[in-house]
Student: 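Have a look at this one before I ask anything.
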Amino acid sequence: MDFRLNDEQRMMIETARQIGESFGLEYWRKKDAEKAFPAEYWKAVCDAGLAGVALPEEDGGSGLGMMEMTLIVEALAASGGGSTVGQLFMINPIFGGVSISRFGSETMKRELLPKIISGEINCCMALTEPDAGTNTLEIKTFASEDGDGWRLNGRKIWITGVASAQKMLVVARTKKLQDSTSRTDGLSMFMIDVEREGLSHTPIDKLGTCTLDSSSVFFDDLRVEPGELIGTLHKGWRELLDVLNTERMVTTAGLVGTGELAIKLAVDYANDRKVFGGRPISSYQGLQFPLAQCHVEVESARLLNYKAATNFDMGLPYSNEANAAKLIAAQAVAKATERSMQTMGGMGYAKEFHAERLWRDCRLFRFAPVSEEMLLNYVANHELKMPKGY
């Protein structure tokens, strides 16, 4: 694998860093306190053409790949945004952009992709249910035939970005399980309006990632039009996996950037702080070694994610690398943000020093969008060929 970046990639990284630094850490502290969507920030990202980097040129994108998207998310996260940046890319270029560009109709591509790329439209995805988290095949939300369209009924939970979205990718059963040829048969995807009769949502109060709301969503006899189907009726399972697998890479990139930022904040503080005879506390190995260990682990996740993204762009298998990178990143960055706070002592607990926000936000990703236990199940079953126990 060639790890050298080309001129275009270096330019995109620099552009992303400049955008991130132009908003800065204080912007994110304010948005976090207000529990407000970072609309100005996302508009700046879109205006720079970064949101459409991996989407087709004919639809207004750059026609590049997941490697470029990974590099952009890392740089944006490391320059202030933290792990929430990965979620911004997940709900818009991935859930909205990838699903439409791969499986949407020509009309849908023409009407929606340019608006997603420009930031005029925000997206979200309604997949998880109260009794169906990782076990997606157990979802009960049902779309029954209604003339040439469908009527949607059911409930979703922990849906990210609903309040700021105009479009929602919904995964529902369109065929009852008893009428299906397998558990994967009978699932379909739809792209619907968030503002529509029959759809309601309520926010979930939570510890972190406060700039992106999480909601319970309710469908009550909601009408779905025929042109809102994405992909193949009843055969959406494999198509859904194509969308979900790419989210691992942007999640990991956001975490890697967070780890880089948390360690930098700790080192800067430690170089400045002088006690016991005027020596900076960064000179003590008791502080150096834990931060060095965190740095090595974050770099390991970064490189494994690069391999996953490169494999994806080359059309090679990438799931093993993507899952392993996400596992390592979530664990390493949980440690790095806590170590950053520990290095700062009491000031690490203060909001003005920013590490506590990074710590709160990144904690989510040890169990979302897929838990580390399920990632380990995947490795055990697929790589080690051990029997499935669930």
Side-chain angles (χ1 to χ4, degrees), residues 1-5 9-10 13 16-17 20 66-67 70-83 85-86 248-273 280-311 318 320-345 348 353-367 370-373 375-376 378-379 383-384:
M1 180 181 288
D2 187 349
F3 290 99
R4 292 171 297 180
L5 301 180
Q9 290 170 331
R10 283 192 288 268
I13 291 170
R17 283 195 180 279
M66 284 305 300
M67 184 62 184
T70 295
L71 294 170
I72 288 166
V73 172
E74 277 183 11
L76 288 168
S79 54
S83 51
V85 173
R248 304 280 192 272
M249 287 175 270
V250 294
T251 299
T252 300
L255 287 166
V256 166
T258 300
E260 182 182 326
L261 176 57
I263 293 167
K264 180 183 184 300
L265 292 174
V267 170
D268 288 348
Y269 181 92
N271 285 339
D272 247 11
R273 177 80 167 147
I281 61 174
S282 60
S283 65
Y284 299 120
Q285 290 178 345
L287 293 181
Q288 286 182 0
F289 286 4
L291 289 173
Q293 181 71 35
C294 290
H295 170 75
V296 170
E297 292 176 7
V298 170
E299 285 299 300
S300 298
R302 187 198 306 270
L303 293 177
L304 195 50
N305 202 37
Y306 286 177
K307 183 180 180 185
T310 301
N311 281 3
Y318 65 94
N320 291 346
E321 291 81 4
N323 282 307
K326 193 268 180 183
L327 174 70
I328 295 171
Q331 294 175 343
V333 177
K335 185 193 298 185
T337 51
E338 185 164 340
R339 177 47 56 180
S340 181
M341 293 170 69
Q342 189 72 19
T343 301
M344 298 177 189
F353 279 74
H354 307 290
E356 61 83 31
R357 172 180 63 86
L358 301 180
W359 172 71
R360 283 187 289 111
D361 286 359
C362 81
R363 184 58 183 86
L364 170 67
F365 300 102
R366 292 190 68 179
F367 45 74
V370 61
S371 70
E372 55 192 42
E373 290 82 7
L375 289 174
L376 290 169
Y378 180 91
V379 173
E383 294 197 60
L384 303 183

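Side chains are part of it too, since the values below use all heavy atoms of this structure and drop only hydrogens, waters and symmetry mates.
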Student: Ignoring hydrogens and angles, tell me if any N or O in the side chain of Lys264 forms a donor-acceptor pair with the backbone of Ser79 under 3.5 Å.
Tutor: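 No, Lys264 side chain to Ser79 backbone: no donor-acceptor pair under 3.5 Å.
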
Student: Show the nearest heavy-atom pair for residues Gly81 and Arg357, with the distance to one decimal.
Tutor: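 Nearest heavy atoms, Gly81 then Arg357: O-NH1, 3.3 Å.
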
Student: I'd like to check Glu74 versus Val85 (side-chain heavy atoms, cut-off strictly below 4.5 Å). Are they in contact?
Tutor: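 With C-beta onward as the side chain, the pair stays apart.
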
Student: If you look at every heavy atom in Thr252 and Ala301, which pair is closest and at what distance?
Tutor: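 That would be CG2-O, 4.3 Å.
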
Student: Could you walk me through whether Leu291 and His295 pass the side chain to side chain contact (heavy atoms under 4.5 Å, CB included) check?
Tutor: CA-CA 6 Å; Leu291 289 173; His295 170 75; over 6 Å; no

Student: What's the shortest heavy-atom distance between Leu265 and His354, and which atoms?
Tutor: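 In terms of heavy atoms, the two residues are closest at CD1-CB, 4.2 Å.
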
Student: Grab the two heavy atoms, one from Ile72 and one from Ala16, that are nearest each other, plus how far apart they are.
Tutor: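 The pair with the smallest heavy-atom distance is O-CB, 3.9 Å.
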
Student: State, to 0.1 Å, how close Thr258 and Val333 come at their nearest heavy-atom pair, and which atoms those are.
Tutor: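 Thr258 and Val333 have their closest heavy atoms at CG2-CG1, 3.8 Å.
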
Student: Hey, could you give me the CD/NZ distance between Glu338 and Lys335, rounded to the nearest 0.5 Å?
Tutor: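 That separation rounds to 10.5 Å.
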
Student: Checking side chain to side chain contact (heavy atoms under 4.5 Å, CB included) for the pair Arg302/Glu260: CA distance, chi angles, key distance, verdict?
Tutor: CA-CA 10 Å; Arg302 187 198 306 270; Glu260 182 182 326; 3.2 Å; yes

Student: Can you see whether Glu297 engages Gln293 through a side-chain donor-acceptor pair at a distance of less than 3.5 angstrom?
Tutor: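 The criterion, which ignores hydrogens and geometry beyond distance, is satisfied for Gln293 and Glu297.
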
Student: Out of curiosity, Tyr284 OH to Thr343 OG1, how far, rounded to the nearest 0.5 Å?
Tutor: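 So the OH of Tyr284 and the OG1 of Thr343 are separated by 14.0 Å.
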
Student: Between Arg10 (side chain) and Leu5 (backbone), is there a donor-acceptor pair under 3.5 Å?
Tutor: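 Yes, because the side chain of Arg10 sits within donor-acceptor range (under 3.5 Å) of the backbone of Leu5.
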
Student: When rounded to the nearest 0.5 angstrom, what is the spacing between CD1 in Ile263 and CG in Leu358?
Tutor: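 One finds 11.0 Å between CD1 of Ile263 and CG of Leu358.
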
Student: Answer yes or no: is there a donor N or O on one side and an acceptor on the other, between the side chain of Gln331 and the main chain of Arg366, under 3.5 Å?
Tutor: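 Not at all, since once roles are kept as given, no pair shorter than 3.5 Å links the two residues.
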
Student: Would you say CD of Glu299 has more than 12 non-hydrogen atoms from neighbouring residues, nucleotides or ligands within 6.0 angstrom?
Tutor: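 More than 12 heavy atoms, drawn from other residues, nucleotides or ligands, come within 6.0 Å of this atom.
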
Student: Could you measure the distance from the CZ atom of Phe365 to the NZ atom of Lys326? Nearest 0.5 Å is fine.
Tutor: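 Reported to 0.5 Å precision, the distance equals 8.0 Å.
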
Student: Working to the nearest 0.5 angstrom, can you tell me the gap between Tyr306 OH and Glu321 CD?
Tutor: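 Between Tyr306 OH and Glu321 CD, I get 16.0 Å after rounding to 0.5 Å.
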
Student: Between Asn320 and Tyr378, is a side chain to side chain contact (heavy atoms under 4.5 Å, CB included) present by the stated rule, with each step listed?
Tutor: CA-CA 8 Å; Asn320 291 346; Tyr378 180 91; 3.1 Å; yes

Student: Any side-chain heavy atom of Leu327 within less than 4.5 Å of one from Asn323?
Tutor: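 No. Closest side-chain heavy atoms not under 4.5 Å.
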
Student: Compare every heavy atom of Met249 with every heavy atom of Asn305, then report the nearest pair and how far apart it is.
Tutor: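 Reported closest heavy-atom pair: ND2-O, 3.1 Å.
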
Student: How far does OG1 of Thr337 sit from CZ of Arg360, to the nearest 0.5 angstrom?
Tutor: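 Thr337 OG1 to Arg360 CZ: 11.0 Å, rounded to 0.5 Å.
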
Student: Starting from the C-alpha separation in whole Å, work towards a yes-or-no answer on side chain to side chain contact (heavy atoms under 4.5 Å, CB included) for Cys362 and Leu255.
Tutor: CA-CA 7 Å; Cys362 81; Leu255 287 166; 3.9 Å; yes

